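The model shown is predicted, which means the values in this text are computed figures rather than measured ones.
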Amino acid sequence: MKKDKILVIGACGQIGVELTLALRKMYGDTNVVASDLREEHDLLKGTGPYVSLDVMNKEMLHVLVIRHNITQIYLLAAILSATGEKNPLLAWHINMQSLLNVLDIAKEENIDKVYWPSSIAVFGPNSPKDTTPQHTIIEPTTIYGISKFAGERWCEYYSHRYGVDVRSLRYPGLISYKSAPGGGTTDYAIEIFHEALEEKKYTCFLSESTYLPMMYMPDAIRATIELMEADKDKIKVRSSYNLGAMSFSPKEIAAEIKKHIPEFTISYEPDYRQQIADGWPKSMDDSLARQDWGWKPEYNLEKMTADMLKNLKK
Ligand code: NAD
């Protein structure tokens, strides 16, 4: 049997740091190679091998995969929704080419499994907003959503045409305290905790009633690993699975934080990110993920808020 050897690309980002640490716990520190454009993240230092990599350089990536006998690739490098709107052509180029490089090398080198995340941003203003189904109108209006939707099609294509075992989740907005968010529209739900603790007030860039699907990072890491560990024949969706946990508005998360910090106040100054959020679903129907590989979230707004505040106070 081949020994599992994992490459994480984009390991220094919001998800990458926590996912790399979780994978190292499971597979052994030396069997998980972390890579990123950036300098090694402090939390990763001393925990396992680190290589500097630009995923756009296909040749370098290919050499790395062969040299380290890589059997699984997690591709997390991307330009996120809010940053993408500032430079759409760059976002398209990076988000697409990084995926094509990985899928193609996976095909050539018979890589066992590939993970690549999509997003709720694939949905657009014409998609149903409440409990948005897996299969429905998908007409994204942000370049980020367009690149994710095209990426999903490429994943399914490489799976069906070449047998590449690529798996994917449409993450909601992810909330975490260990590593900073990377320029998404749901970043407010992280900033609000830091400002509540430090300033006791927060000015939100979305309006008070903007509902969005969200998930606490421990749930997202567990979902990712459970999807990747599931038997191959259980993975019926080869584009990307809807994934859900909780939905709330800025007003609701502020009220929850107030239970812990009574003097906390919030004000609203919506900016360009309001328009992005307005095009996205309010909640997700993730019944296929539950049915096919047993997905079940653990954290709701109340439990997540208590845990965020407890950890940020440390
Ligand atoms: P992030 O921006 O925090 O991290 C991305 C990492 O990729 C960064 O460390 C960056 O340096 C690295 N990177 C960028 N370009 C690179 C390149 N050319 N070569 C190598 N590394 C490069 O993003 P994240 O929040 O950790 O998101 C990871 C993935 O999950 C992305 O595909 C994102 O679209 C998806 N996603 C995230 C969220 C969320 O709320 N965080 C929600 C939905 C989907």
Side-chain angles (χ1 to χ4, degrees), residues 4 6 15 18-19 22-23 26-27 72-76 99 103 106 111-124 126-140 145 148-176 186 211-248 280-304:
D4 290 312
I6 298 175
I15 302 171
E18 298 204 35
L19 189 60
L23 289 169
M26 279 182 69
Y27 288 91
Q72 294 186 31
I73 302 177
Y74 285 71
L75 170 59
L76 304 171
L99 177 61
L103 288 175
I111 295 294
D112 288 346
K113 289 182 225 174
V114 174
Y115 178 75
W116 170 83
S118 183
S119 160
I120 57 158
V122 293
F123 298 108
N126 297 326
S127 312
K129 288 233 177 282
D130 295 305
T131 49
T132 305
Q134 175 75 39
H135 301 290
T136 183
I137 297 170
I138 294 194
E139 294 173 354
K148 287 294 183 190
F149 184 44
E152 289 186 3
R153 298 287 90 218
W154 275 111
C155 287
E156 195 182 274
Y157 185 85
Y158 265 77
S159 163
H160 290 174
R161 172 117 197 238
Y162 304 118
V164 173
D165 186 354
V166 51
R167 307 179 182 198
S168 177
L169 298 171
R170 289 173 176 156
Y171 288 135
L174 300 180
I175 298 162
S176 64
T186 50
Y211 268 86
L212 287 170
M214 300 277 189
M215 182 175 279
Y216 196 30
M217 190 61 88
D219 268 346
I221 300 296
R222 190 168 53 78
T224 307
I225 290 175
E226 284 178 8
L227 173 81
M228 290 296 275
E229 289 291 300
D231 289 345
K232 199 172 171 181
D233 57 1
K234 286 197 173 150
I235 311 298
K236 311 268 194 250
V237 175
R238 287 297 179 168
S239 50
S240 190
Y241 277 98
N242 275 10
L243 191 70
M246 61 181 110
S247 287
F248 56 77
W280 288 354
K282 292 182 176 167
S283 58
M284 305 297 290
D285 172 3
D286 61 359
S287 48
L288 280 183
R290 289 172 189 254
Q291 182 186 305
D292 289 357
W293 46 275
W295 167 240
K296 198 164 177 267
E298 210 177 279
Y299 286 89
N300 58 16
L301 175 58
E302 195 183 353
K303 202 169 162 195
M304 182 263 297

- With sequence neighbours left out, the residues meeting side chain to side chain contact (heavy atoms under 4.5 Å, CB included) with Lys282 are Lys129, Asp130, Tyr211
Where do [X] and [Y] come nearest, in terms of heavy atoms and distance?
X      : Y      : result
Ala245 : Met214 : CB-O, 3.6 Å
Leu243 : Asp286 : CA-CB, 3.8 Å
Arg167 : Lys232 : NH2-CA, 3.5 Å
Pro140 : Phe149 : CG-CB, 4.1 Å
Ala22  : Ile225 : CB-CD1, 3.9 Å
Tyr171 : Pro117 : CE1-CB, 3.3 Å

Can you tell me how far [atom2] of [Y] sits from [atom1] of [X], rounded to the nearest 0.5 angstrom?
X      : Y      : atom1 : atom2 : value
Glu302 : Met246 : CD    : CE    : 11.0 Å
Leu227 : Trp295 : CG    : CH2   : 10.5 Å
Ile175 : Leu301 : CD1   : CG    : 8.0 Å
Ser283 : Ile120 : OG    : CD1   : 10.0 Å
Ile111 : Ile6   : CD1   : CD1   : 11.5 Å
Glu18  : Thr224 : CD    : OG1   : 11.0 Å

- Task: Could you tell me whether the side chain of Asn242 and the main chain of Thr132 form a donor-acceptor pair under 3.5 Å?
- Result: yes
- Item | Tyr241 side-chain N/O to Ile235 backbone N/O, donor-acceptor pair under 3.5 Å | no
Going by heavy atoms in the side chains, are [X] and [Y] under 4.5 Å from each other?
X      : Y      : answer
Lys236 : Leu288 : no
Pro133 : Pro128 : yes
Ser168 : Glu156 : no

- Single hit among Glu152, Lys148, Arg170 for side chain to side chain donor-acceptor pair (under 3.5 Å) with Ser118: Glu152
- Query: Is the Tyr299 ring parallel, tilted or perpendicular to the Tyr216 ring (thresholds 30°, 60°)?
  - Reply: perpendicular
- Sequence neighbours excluded, the answer for ring-ring contact (aromatic ring centres under 6.0 Å, His included) partners of Tyr157 is Trp154
- Sorted by chain and residue number, the ring-ring contact (aromatic ring centres under 6.0 Å, His included) partners of Phe248 (sequence neighbours excluded) come out as none
- Task: Carefully, step by step, assess Asp285 and Gln134 under the rule side chain to side chain contact (heavy atoms under 4.5 Å, CB included).
- Result: CA-CA 7 Å; Asp285 172 3; Gln134 175 75 39; over 6 Å; no
- Task: Quick one: do Leu99 and Leu75 satisfy side chain to side chain contact (heavy atoms under 4.5 Å, CB included)? Show the steps, please.
- Result: CA-CA 7 Å; Leu99 177 61; Leu75 170 59; 4.2 Å; yes
- Task: Please test Tyr115 against Leu169 for side chain to side chain contact (heavy atoms under 4.5 Å, CB included), starting from the C-alpha separation and ending with a verdict.
- Result: CA-CA 9 Å; Tyr115 178 75; Leu169 298 171; 3.6 Å; yes
- Within a reach of under 6.0 Å around NZ of Lys303, are more than 12 heavy atoms found that belong to other residues, nucleotides or ligands? yes
- Message: Could you check whether Arg238 pairs with Asp165 (Lys NZ or Arg NE/NH1/NH2 to Asp/Glu carboxylate O, under 4.0 Å)?
- Response: yes
- May I have the step-by-step check of side chain to side chain contact (heavy atoms under 4.5 Å, CB included) for Ser239 and Arg153, ending in yes or no? CA-CA 6 Å; Ser239 50; Arg153 298 287 90 218; 3.5 Å; yes
